[in-house]
Student: 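Take this structure, written in structure tokens, and hold onto it; I'll ask about it next.
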Number of protein chains: 2
Amino acid sequence: MSTHDSDRLPPERPGQPGGKRDRNRKRRHEQLRQAGLRLFLDHGVDQVTIDDLAREAGTAKGNFYRYFTSKSELVTAVLAPVADAVRDAFDQAQARLEEAHDDASLFAAYQSLALGLIPVAMTEPDVVRLYLQESRAPASGARAPIRALADEIRERSVELTEFAVDHGLLRIPDPRISALAVVGAVEQLAWSSIGGELDAPPAQIAGTLISLVLEGIRSR
Amino acid sequence: MSTHDSDRLPPERPGQPGGKRDRNRKRRHEQLRQAGLRLFLDHGVDQVTIDDLAREAGTAKGNFYRYFTSKSELVTAVLAPVADAVRDAFDQAQARLEEAHDDASLFAAYQSLALGLIPVAMTEPDVVRLYLQESRAPASGARAPIRALADEIRERSVELTEFAVDHGLLRIPDPRISALAVVGAVEQLAWSSIGGELDAPPAQIAGTLISLVLEGIRSR
DNA sequence: AAATAACGTGACTGTGCGGTCATTCTTTGT
DNA sequence: ACAAAGAATGACCGCACAGTCACGTTATTT
């Protein structure tokens with residue numbers, strides 16, 4: 001009969017939401033997530049094996065599959081906080097932009113995007129770094145979730161700027177080119193900053209980039 | 001005695017420089033290079049096995065090792081044309097910059113950089129794409145040569161702009177930030193363009209980016 | 001406290017990988 | 001034409017991997 005042929009691994013959550021089972025489960029989940037983050041950063045997602053992950057998390061191999069069905073699913077979990085923050089920040093910015101009517105409110109919309117992104121970049125630099133490290137991976141395999149997030153970021157950035165242009169808030173010839181250029185600049189600066197190649201404080205980097213975008217190099 | 005303990009695989013070149021051996025050898029080398037380029041793009045460098053490469057190149061596995069000692073060495077060979085062009089272009093630009101004295105000659109130096117890079121990007125888009133795809137990989141493993149090239153590009157870009165600032169040719173507060181922002185913008189635009197997400201012609205993309213950098217968004 | 005069910009373990013299996021090598025084929029030098 | 005050397009082959013070895021599973025442990029329910 002099999003009411004649910006598919007209730008295989010991993011099983012449902014334990015009984016009480018605040019009980020010992022629930023806490024233990026969350027702890028293991030987080031241990032595996034942290035192990036993944038460390039190993040992925042050091043060796044690249046593709047090079048890390050399930051054995052490596054289990055060992056680094058201090059548990060047995062078979063147990064890994066009680067929490068994640070695949071490495072790809074773990075990658076999604078590792079990325080989750082950043083992915084959520086990114087989506088929220090774009091939603092916010094889009095909502096504000098839809099009610100914008102002048103230069104000031106346009107600026108405020110873009111500012112809300114930045115203000116939504118900066119906190120997570122400060123609290124989770126390693127996750128951001130992992131994203132940047134593998135963000136242009138082929139769309140198949142364990143790195144796929146990272147690539148998907150990258151595609152979403154580019155898409156929504158372009159969307160946002162096209163909306164501004166369509167509603168007469170911004171007057172630039174090709175919004176797609178400008179939006180992608182800014183995304184590329186932001187990502188490269190974040191990458192160099194997190195990697196320690198740029199010792200300037202993030203606030204200064206952001207300020208320099210904003211004035212560069214608004215006024216160009218000539219103005220200085 | 002062993003005059004040469006280390007003349008193991010891969011062996012020296014065959015007798016005549018223009019003979020059949022030489023031609024065959026060059027052909028196989030190129031077949032393996034093309035096979036690598038295709039497979040690396042489709043599946044990512046780390047996911048491709050030596051068996052895959054040999055099969056795609058239409059040869060036997062053992063033969064691979066007559067041409068490359070490792071996957072990493074093949075990656076280096078795949079990248080070679082772009083790596084060479086990049087180095088040459090930076091050398092050129094640096095030489096011009098050292099003799100620059102005003103705005104016009106500064107512009108000419110940067111222009112020579114662009115003019116050195118554009119041809120190889122047009123003739124070898126796949127190699128550029130592979131570089132962009134894996135350019136932020138960890139420094140160990142088969143992707144290492146790609147990462148090395150990326151580091152070199154960033155380093156020399158910063159160097160170039162710092163030189164211009166130090167010699168009073170450019171007046172910007174932090175040359176490192178500006179240089180990296182431009183590198184990021186260029187790479188992102190190249191990535192999107194090669195990936196078909198931007199249908200604008202390269203010349204228009206370049207023009208828009210240049211005016212964006214020089215004058216900012218406000219000017220339009 | 002007994003029964004139940006999720007958690008946790010590590011051995012096990014099959015598969016596929018990197019790298020080697022004896023052998024055969026092709027080119028070259030004489 | 002013949003010998004010498006490089007090119008090419010694919011079977012083979014050892015190993016490491018993904019995924020499974022029977023069994024022991026710990027928390028939860030009754």
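The structure displayed is predicted, hence computed values, not measured ones. Naming convention: chains lettered A, B, ... in sequence-line order (proteins, then strands); numbering from 1 in each chain.
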Student: Quick one: B:L74 CG to C:dG19 P, roughly how many Å, whole number?
Tutor: 13 Å
Student: Look at the side chain of B:K61 against the base of C:dG19 and say whether a donor-acceptor pair falls under 3.5 Å; ignore hydrogens and angles.
Tutor: yes
Student: From the list C:dG19, D:dA8, C:dG8, which nucleotide is the closest neighbour of the side chain of B:Y65?
Tutor: C:dG19
Student: For B:V48, does its backbone N or O pair with a side-chain atom of B:K71 as donor and acceptor, under 3.5 Å?
Tutor: yes
Student: Give B:S70 one of three labels, base, sugar-phosphate or nothing, depending on what nucleic acid heavy atoms sit under 4.0 Å from its own.
Tutor: nothing
Student: Return yes if the base of C:dG8 and the side-chain atoms of A:R66 contain a donor-acceptor N/O pair under 3.5 Å, otherwise no.
Tutor: yes
Student: Starting at atom CG of A:D22, determine the distance to atom C1' of D:dT28, rounded to an integer number of angstrom.
Tutor: 13 Å
Student: Of all the choices, D:dT28, D:dA7, C:dG18, which nucleotide is nearest to the side chain of B:R25 once you look at every atom?
Tutor: D:dA7
Student: Tell me: CZ of B:F68 to C1' of C:dT20, nearest whole Å?
Tutor: 19 Å
Student: State whether B:Y67 places a side-chain N or O below 4.0 Å from either non-bridging phosphate oxygen (OP1 or OP2) of D:dA7.
Tutor: no
Student: Test the A:R25-A:Y67 pair against the cation-pi criterion, namely NZ or CZ under 6.0 angstrom from the six-membered ring centroid and within 45° of the ring axis.
Tutor: yes
Student: Out of D:dA18, D:dA8, C:dG18, which nucleotide sits closest to the side chain of B:T49?
Tutor: C:dG18
Student: State, yes or no, whether a side-chain contact exists between A:L160 and A:Y110 at a heavy-atom distance under 4.5 Å.
Tutor: yes
Student: Establish, from distance only, whether the side-chain atoms of B:Q188 and B:S192 form a donor-acceptor pair under 3.5 Å.
Tutor: yes
Student: Could you state the atom-to-atom distance from CZ of B:R23 to C1' of C:dT26 in whole Å?
Tutor: 13 Å
Student: In terms of side-chain heavy atoms of A:N63, which of C:dG8, C:dG18, D:dT9 is nearest?
Tutor: C:dG8
Student: To the nearest Å, how far apart are B:D51 CG and D:dG10 C1'?
Tutor: 11 Å
Student: Take atom NZ of B:K20 and atom C1' of D:dA5, then tell me their distance rounded to the nearest Å.
Tutor: 17 Å
Student: Find the distance B:L53:CG to D:dT9:C1' and express it as a whole number of Å.
Tutor: 17 Å
Student: Would you indicate whether B:E152, at its atom CD, is surrounded by more than 12 heavy atoms from other residues, nucleotides or ligands within a distance under 6.0 Å?
Tutor: yes
Student: Once you round it to whole Å, what is the distance between P of C:dG18 and CD of B:Q47?
Tutor: 11 Å
Student: With nearest nucleotide decided by heavy atoms, which residue, A:G62 or B:R27, maps closer to the 5′ end of DNA chain D?
Tutor: B:R27
Student: Could you work out which one of C:dC17, D:dG6, D:dA8 sits closest to the side chain of B:R21?
Tutor: D:dG6
Student: Both B:K71 and B:N24 contact DNA chain C. Taking the nearest nucleotide for each, which residue is further toward the 5' end?
Tutor: B:K71
